[in-house]
Amino acid sequence: MQQPSRPDRNIALELIRVTEAAAIAAARWSGRGDKNAADGAAVDAMRFVLGAVAMDGVVVIGEGEKDQAPMLYNGERIGDGRDPKVDVAVDPIDGTTLTAMGRNGAVSVIALSEAGTMFDPGPCFYMKKVAVGPRGRGSVDVNASATDNLNELAKRLKKPVQELGVVILDRPRHDDLVAEVREAGARVLSITDGDVAGAIATGWPNSGADVLFGIGGTPEGVIAAAALKGLGGEIQGVLHATSPEERARAEALGYDFTKVLTTDDLVASDNCFFSATAITDGDFLRGVRFHDFGATTQSLVVRSRSGTVRTIETFHRHDKLQEFTTAGF
């Protein structure tokens with residue numbers, strides 16, 4: 001009789017230390033009005049802990065090109081150099097302005113997948129997106145109108161359009177989209193930043209979010225795809241250029257602005273890992289709380305192959321953190 005194979009390593013359970021460190025470091029700057037200082041603290045903490053993770057990682061989505069970012073830059077090798085070989089997408093703070101202003105919705109996130117399986121946005125900073133949770137998968141089309149998508153989603157979810165919650169970034173470019181969604185009868189859940197968390201919310205029970213629409217960051221779309229794979233949801237995107245010159249440069253490199261990028265196009269691996277730790281309170285996680293003994297964090301940890309989704313609350317003693325770190329969190 002063949003013995004069942006043992007479950008292999010779930011790197012996501014190690015990545016939680018990475019996002020916890022970044023979230024605690026960023027939370028010290030929450031509400032202090034300095035988003036650059038918050039981001040710098042989160043980057044330092046994340047990079048420090050990543051160096052101890054047993055992996056041979058390459059940053060596909062990071063803080064920018066090497067000449068713009070001293071750490072976690074695109075192309076940087078991270079981890080301790082041992083297998084597995086992985087692509088890495090990081091956003092030490094999804095919602096830097098939210099953190100600086102002390103507003104809800106900021107998270108620290110990281111995603112991993114097998115080497116060569118993550119979409120590289122290159123010069124394509126923005127994409128038109130639609131994202132839904134597991135119950136809505138297969139009912140939306142990024143090229144369809146918002147009205148048509150809402151009607152199809154309502155049928156799939158078996159509830160009236162008037163009960164649908166639609167996440168949209170609060171930007172002038174979305175004025176017509178917001179008007180259409182409201183005309184269709186759905187409820188707009190406006191967010192000022194943080195469209196990774198907004199996309200994840202569509203796959204989270206009782207978040208109130210059923211779908212995300214609009215133009216947002218392409219890197220954030222890739223990170224959201226890794227999370228939604230584990231949650232059973234779906235994201236679609238079409239690259240969006242802000243100028244004819246930007247489009248021409250990207251097309252010269254082979255990027256197609258007509259192709260619909262599916263979840264599998266954004267993250268081709270069926271074995272991807274995702275971790276998010278809340279910096280400030282959000283729809284599905286509570287932000288960092290500081291206490292006399294230290295701090296508490298809440299995190300979401302997802303693995304696509306096993307379909308496991310964990311929420312983890314961690315208590316951190318400052319004296320113990322300082323024993324084995326120098327990152328100052």
Side-chain angles (χ1 to χ4, degrees), residues 12-32 35 37-46 49-50 89-112 131 133 165 167 169 189-209 212 216-217 220 223-224 226-228 230-231 233 273-291 293-303 308-318 321 327 329:
L13 293 175
E14 301 168 51
L15 297 180
I16 188 175
R17 295 176 56 239
V18 176
T19 54
E20 285 173 347
I24 292 172
R28 292 190 178 278
W29 289 93
S30 178
R32 295 172 62 181
K35 66 180 183 180
D39 191 54
V43 170
D44 287 347
M46 180 173 276
V49 180
L50 270 171
V90 299
D91 197 346
I93 302 181
D94 177 42
T96 53
T97 299
L98 298 176
T99 301
M101 301 306 294
R103 296 172 180 160
N104 288 359
V107 295
S108 175
V109 298
I110 186 170
L112 263 64
V167 179
L169 271 172
L189 307 177
S190 181
I191 58 174
T192 58
D193 289 283
D195 60 346
V196 172
I200 295 171
T202 67
W204 193 252
N206 301 319
S207 71
L212 175 141
E220 289 82 357
I223 295 172
L228 287 170
L231 292 168
F273 308 86
F274 174 85
S275 176
T277 302
I279 301 167
T280 59
D281 290 350
D283 291 327
F284 48 92
L285 294 172
R286 191 181 67 224
V288 176
R289 296 288 193 274
F290 292 106
H291 309 283
F293 66 85
T296 58
T297 56
Q298 286 192 348
S299 303
L300 173 69
V301 184
V302 180
R303 185 185 186 186
T308 50
V309 180
R310 294 177 171 90
T311 54
I312 298 175
E313 183 167 18
T314 308
F315 295 79
H316 308 265
R317 277 176 50 189
H318 284 318
L321 283 173
F329 53 85

When rounded to the nearest 0.5 Å, the distance separating CZ of Phe273 from CD of Glu14 is 9.0 Å

So CZ of Phe274 and CG of Leu15: to nearest 0.5 Å the spacing works out to 10.5 Å

If only atom types and distance count, is the side chain of Thr19 paired as donor or acceptor with the main-chain N or O of Ser108 below 3.5 Å? no

Interatomic distance, NE2@His291 vs NE2@His316, rounded to 0.5 Å, equals 10.0 Å

Rounding to 0.5 Å, atoms CG (Asp39) and CD1 (Ile93) come to a distance of 5.0 Å

query: Checking Thr202 side chain against Ala209 main chain: does a donor-acceptor pair fall under 3.5 Å?
result: no

Worksheet item: With side chains defined as the heavy atoms from C-beta onward, is the minimum distance between Thr296 and Arg286 less than 4.5 Å?
Response: yes

Subject >> Donor-acceptor contact present, side-chain Gln298 to main-chain Leu285, <3.5 Å >> reply: no

CD1 (Ile223) and CG (Asp94) are apart, to the nearest 0.5 Å, by 7.5 Å

- Please examine the side chains of Val18 and Ser275, heavy atoms only from C-beta on, and report whether any two atoms are closer than 4.5 Å. no

Short side-chain to backbone donor-acceptor contact, Thr297 and Val288, under 3.5 Å
no

So NZ of Lys35 and CG of Asp193: to nearest 0.5 Å the spacing works out to 8.0 Å

